[in-house]
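Structure first, then comments.
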Amino acid sequence: MAEAPASAHPAPQVPANDTPLAEGLLLRLDGFEGPLDLLLDLARGQKVDLARISILDLVDQYLAVIEGAKRVRLELAADWLVMAAWLAWLKSRLLLPKGLEAADEAEIAAEILAARLRDLQTMRAAALWLTARPQRGIDVFPRGAPETFAETETFGISADLGSLMRAYMAALRRGTRHRTYRPARTTLWTVKDALARLAVLVGTLPDWSDFIHFLPDWVVNPLERRAAVASTLIAGLEMAKSGTVRLRQDDAFGPILLRRLAFGPDGLDNDPQDTGTQDTGAQDTGAQDTGAQDTGPNQDDTHGR
Amino acid sequence: MADDDFATQVRLAEALIFASDTPIPPRALTQALPDGADLDAVMAALQNIYTDRGVILVQAAGGWQFQTAADLAPQLKRVIKIPRRLPRVAMETLAIIAYHQPVTRAEVEEIRGATLSQTTLDALLDTDMITPKGRRETPGRPTLWGTTPDFLTHFGLNDLRDLPRREDLLVEPPTIPAAPADET
Amino acid sequence: MADDDFATQVRLAEALIFASDTPIPPRALTQALPDGADLDAVMAALQNIYTDRGVILVQAAGGWQFQTAADLAPQLKRVIKIPRRLPRVAMETLAIIAYHQPVTRAEVEEIRGATLSQTTLDALLDTDMITPKGRRETPGRPTLWGTTPDFLTHFGLNDLRDLPRREDLLVEPPTIPAAPADET
């Protein structure tokens with residue numbers, strides 16, 4: 001055991017200087033499971049204690065990696081770019097003098113990001129803890145030939161929800177294999193769908209509403225949701241162009257608000273109560289029962305993501 | 001040192017016989033033990049440990065295995081009740097009926113991509129978890145099947161709506177023959 | 001006489017637990033033992049017998065079971081065919097479900113910052129370590145997931161409370177130890 005001179009800190013595996021790190025990373029973005037994964041990796045290289053990482057340095061490192069990657073490969077996935085855009089916004093706000101409302105907002109967003117990284121790191125550690133334990137059937141073994149004291153009293157059925165689910169999935173998979181290929185029905189919300197929905201809904205809203213509220217409420221998976229956001233936004237722009245609605249966004253990445261134009265392009269007073277829309281069977285949902293107005297613009301930080 | 005080695009050999013033999021799903025032949029034990037180990041001595045020591053225990057070490061079918069002491073079996077028999085496991089086919093059929101009800105036998109077969117035997121259907125009927133739910137008004141008037149309240153009770157569900165959502169099970173749900181109600 | 005009775009009780013418990021490949025809940029043991037038997041004393045005596053043996057007595061998922069001693073793993077693996085370990089992604093997902101249960105798939109994805117693949121979901125369901133636990137009463141009523149008793153048994157935990165506290169997980173030095181070498 002040679003006495004290590006001086007340095008009390010374990011030498012970090014990743015160089016503290018960010019440039020070589022970034023260059024090392026940019027060619028293997030595929031090795032990461034997504035932006036958060038890369039951020040965590042960068043953060044781990046930055047400081048021993050995740051509680052004290054510098055979000056600003058982290059942002060710079062991430063942007064450097066993405067910038068570098070863009071030079072090499074053009075097909076960088078949207079996730080990476082969205083995160084880059086959000087981080088760039090965060091950085092611009094973090095650089096503002098403290099005390100400004102926007103700067104405070106950014107501080108909060110930075111704290112949330114740091115907390116997410118800590119959570120992910122904690123779960124990684126939990127996974128390692130589990131992995132290190134002796135696992136049954138892998139490291140330790142139960143009785144290989146269990147004895148049943150045979151007299152099988154048929155006492156009910158042994159089946160739980162988990163096995164029912166496995167059976168269902170097995171059945172579906174087998175069934176699919178036997179069937180001829182049919183392309184999966186696309187469930188993405190199209191601009192046309194969004195136009196139709198907006199046209200109906202817009203008449204029911206008395207005032208500015210966050211356009212998020214116009215998304216179809218059945219979308220759950222992230223891809224479908226992204227598609228719905230995009231098509232609803234395009235539909236909103238389309239309708240704004242034709243003068244049916246107005247759009248407003250008070251600040252960058254803030255909520256996008258939408259309302260019906262009180263006076264239509266033809267100069268008539270289109271009172272929200274009586275118009276609905278021209279081409280759909282306009283249910284006359286009174287403005288009072290939509291409940292959407294009280295959830296209008298809010299400071300929810302998810303809008304920026 | 002030598003004692004340590006011997007003790008370890010006994011422990012290893014014990015663990016191997018315990019974990020094996022078939023009797024372990026002496027040949028396999030010799031292979032598992034270090035070269036030069038005295039198998040007879042190891043097994044004698046192990047057998048000695050299991051004298052007068054609730055479990056005994058016996059040689060059967062050309063190998064070693066553990067067995068419950070014969071004198072205890074009667075007392076244990078009373079205790080154990082073994083719930084019957086549904087065969088895989090029956091489980092799959094039950095799951096399909098649960099998700100697609102009311103559903104005909106032909107539709108179940110199409111979803112599974114395999115024929116459904118009368119035996120399986122009878123076995124399911126025996127469990128009281130499925131029941132006929134009328135007939136579909138199409139040529140042949142096939143019987144429709146659905147689940148019973150017993151099904152819900154068994155799986156601890158309050159309501160059919162408490163079954164896990166299909167989209168939570170499958171990232172990309174395969175195209176399924178449409179739910180019978182909307183078509184045909 | 002009394003000693004004889006006690007010895008028989010220990011043998012009974014031993015036989016019952018030894019016979020099974022899953023943990024035996026205390027309730028089943030109490031049923032098997034004569035009325036008035038002191039279960040704690042019986043189990044203490046039994047555990048004492050199985051100290052330093054190739055097979056040891058452990059508590060898992062709230063019950064008792066025998067399993068091979070962990071230090072024999074390398075030798076046993078040479079002889080016993082073992083399944084592959086869960087890949088890292090599946091282990092992380094499992095950890096998240098264990099710590100955050102009941103949890104929706106969307107929440108798991110949010111924590112990991114990545115979507116959950118069908119392969120991972122299937123792999124976890126196949127292990128029997130996770131199961132649906134009802135639905136969350138929010139729009140869309142997403143399925144909630146939680147761990148099963150098999151999860152506890154698999155990792156030799158008696159209770160979910162045996163998982164390390166979150167704040168204790170991060171105090172380790174930042175250099176992550178390599179996953180235990182997998183000899184196969």
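Atom set for the values below is all heavy atoms of this structure, side chains included, hydrogens, waters and symmetry mates excluded. Sequence lines set the chain letters: A, B, ... in the order given, protein chains first and strands last, and positions in each chain run from 1.
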Hey, does the side chain of A/Arg143 reach the backbone of B/Phe66 with a donor-acceptor pair shorter than 3.5 angstrom? yes
Do B/Tyr99 and A/Tyr168 have ring centres separated by under 6.0 Å? yes
Out of B/Ala15, B/Gly156, B/Ala95, which one racks up the most heavy-atom pairs below 4.5 Å with chain A? B/Ala95
Using a 6.0 Å cut-off, check whether atom CZ of B/Arg135 has over 12 heavy atoms from anything other than its own residue. yes
Kindly check if the number of other-residue, nucleotide or ligand heavy atoms within 6.0 Å of CG (B/Asp52) is above 12? no
Which atoms of B/Glu109 approach chain A - backbone, side chain, both or neither, heavy atom under 4.5 Å: neither
Separation between CZ (B/Phe155) and CG (A/Asp160), nearest 0.5 Å, reads 7.5 Å
With rounding to the nearest 0.5 Å, note down the distance linking CG in A/Leu172 to CZ in B/Arg166. 6.0 Å
Is there a side-chain contact between A/Met165 and B/Leu163 in this structure, where contact means two heavy atoms from C-beta onward sitting under 4.5 Å apart? yes
Smallest separation among heavy atoms of B/Phe18 and A/Pro142, with atom names: CE2-C, 3.4 Å
Closest approach of B/Asp21 and A/Ala145, non-hydrogen atoms and distance? O-CB, 3.7 Å
B/Phe151/A/Leu164 under side-chain contact (heavy atoms from CB on, under 4.5 Å): CA gap, chis, key distance, verdict: CA-CA 11 Å; B/Phe151 167 81; A/Leu164 188 71; 3.8 Å; yes
